[in-house]
Amino acid sequence: MIPLFILLLIEILQGGLYVFCSAAIEKATGDAGRAVMLGALPGTASSAEGFRNTVVCANLLAGLSCGNIVASLQTTTLSGSGTGYAKFVSADEKSLATTTMDDSTSAYCPGAPGTYGYIQVFYAVPVFSPLWATLAGTTTWNGNTVVFARSALAFRNEPFLSASVSTGC
């Protein structure tokens with residue numbers, strides 16, 4: 001009876017950790033999207049790594065590691081350059097375009113006023129539960145068994161007038 005209770009407790013803790021991390025990255029993604037939309041990015045957010053560290057991670061709840069975050073920011077226009085929202089969808093149109101789980105190669109473009117943006121943020125939630133390890137679609141990332149919590153946000157940039165925003169992407 002005790003081993004079953006311990007297993008149940010571990011599963012509850014694992015599920016709680018996943019829900020907590022999901023809610024935390026939802027908040028961080030929303031706050032980061034608002035900063036991009038308004039053209040209020042700091043000068044340190046001129047690269048994907050800078051965006052992740054100074055905008056996304058700055059909005060994480062306490063206790064979560066910035067090292068577990070992968071962020072992607074893409075922009076497009078509906079006419080002219082870019083391919084519209086199709087840029088954010090897979091070729092078979094059945095899912096969202098995949099993001100590399102490596103910040104050094106993830107997409108980063110805050111765009112210009114009036115462009116459409118799409119942010120994807122992933123958080124590598126550590127898996128310590130034996131049931132999650134076999135049933136939850138875990139993967140090995142940076143040497144750890146994790147399951148990714150994901151948040152996404154689509155938006156249109158406001159007509160901002162900030163000189164600190166890099167639009168040449």
Side-chain angles (χ1 to χ4, degrees), residues 6-7 9-76 87-90 95-111 115-155 157 162 164-169:
I6 291 173
L7 180 63
L9 182 63
I10 288 171
E11 298 308 317
I12 290 170
L13 291 173
Q14 181 72 68
L17 177 63
Y18 183 82
V19 169
F20 175 78
C21 292
S22 294
I25 65 164
E26 281 289 333
K27 180 198 175 302
T29 302
D31 292 345
R34 186 76 178 148
V36 174
M37 187 183 341
L38 295 176
L41 292 175
T44 54
S46 61
S47 67
E49 183 179 2
F51 174 72
R52 182 193 71 168
N53 292 340
T54 61
V55 179
V56 177
C57 292
N59 292 305
L60 276 180
L61 297 175
L64 297 182
S65 170
C66 188
N68 286 13
I69 292 281
V70 176
S72 168
L73 170 59
Q74 304 174 60
T75 55
T76 190
K87 177 179 181 180
F88 309 135
V89 179
S90 66
S95 62
L96 296 172
T98 58
T99 300
T100 61
M101 290 300 150
D102 179 3
D103 264 329
S104 64
T105 61
S106 64
Y108 178 74
C109 179
T115 57
Y116 294 86
Y118 182 60
I119 296 176
Q120 293 183 83
V121 178
F122 298 87
Y123 188 83
V125 180
V127 174
F128 52 83
S129 153
L131 289 178
W132 277 60
T134 57
L135 302 175
T138 61
T139 187
T140 301
W141 185 75
N142 288 345
N144 298 315
T145 302
V146 300
V147 62
F148 284 102
R150 179 180 172 275
S151 176
L153 179 69
F155 57 90
N157 283 343
S162 174
S164 69
V165 176
S166 169
T167 59
C169 28

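Throughout, numbering of the chain's residues begins at 1 and tracks the sequence.
Sequence neighbours left out, not one pair with a member in residues 11-42 passes disulfide bond (SG atoms under 2.5 Å apart). Pairs engaging residues 33-57 under the salt bridge (charged side-chain N to carboxylate O under 4.0 Å, His left out) rule: Arg52-Asp103 [sequence neighbours left out]. Every pair tested for ring pair (Phe, Tyr, Trp, His ring centres under 6.0 Å) that includes a residue from residues 52-75 fails, sequence neighbours excluded, so the list is empty.
In this view, Gln120 and Thr99, Arg150 satisfy the side-chain hydrogen bond (donor to acceptor under 3.5 Å, both in side chains) rule, not counting sequence neighbours.
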Got a list of side-chain donor-acceptor pairs under 3.5 Å for residues 62-70, not counting sequence neighbours?
residue, atom, partner, partner atom, Å
Ser65, OG, Gly67, N, 3.1
Asn68, ND2, Ala124, O, 2.9

Side-chain donor/acceptor pairs under 3.5 Å, residues 130-141, sequence neighbours excluded:
residue, atom, partner, partner atom, Å
Thr134, OG1, Pro130, O, 3.4
Thr134, OG1, Leu131, O, 3.1
Thr138, OG1, Ala133, O, 3.4
Trp141, NE1, Met101, O, 3.0

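The two residues Val125 and Gln14 make their nearest non-hydrogen contact at CG1-NE2, 4.1 Å. Here the closest non-hydrogen pair linking Tyr118 and Phe155 is N-CE2, 4.1 Å. Val55 and Pro42 make their closest contact through CG2-CD, 3.9 Å (heavy atoms, listed as atom of the first residue, atom of the second, distance). Annotation for Ala149 and Ser22: closest pair CB-OG, 3.5 Å, computed over non-hydrogen atoms. Among all heavy-atom pairs drawn from Leu61 and Ala24, the shortest one is CD1-CB, 3.8 Å. When every heavy atom of Ala71 is checked against every heavy atom of Val56, the shortest pair comes out as CB-CG2, 4.3 Å.
One N or O on the side chain of Thr29 and one on the backbone of Ile25 form a donor-acceptor pair closer than 3.5 Å. In this structure, the side chain of Gln74 does not engage the main chain of Tyr116 through any donor-acceptor pair within 3.5 Å. Proximity of a side-chain donor or acceptor of Tyr123 to a complementary backbone N or O of Ser151 within less than 3.5 Å is not detected.
Ring geometry for Tyr108 against Phe51 counts as tilted: the plane angle lies between 30° and 60°, on a 0 to 90° scale.
Atom CG of Leu73 is separated from atom CD1 of Ile119 by 5.0 Å, given to the nearest 0.5 angstrom. With values rounded to the nearest 0.5 angstrom, Phe128 atom CZ is found 5.5 Å from Leu13 atom CG. Of the inter-residue distances, the one linking Leu9 atom CG with Ser129 atom OG reads 11.0 Å to the nearest 0.5 angstrom. One distance of note links NZ of Lys27 with CG of Asn59; it measures 5.0 Å at 0.5 Å rounding. Summarising the geometry, atom OG1 belonging to Thr54 is positioned 7.5 Å from atom CG belonging to Leu41; distances are rounded to the nearest 0.5 Å.
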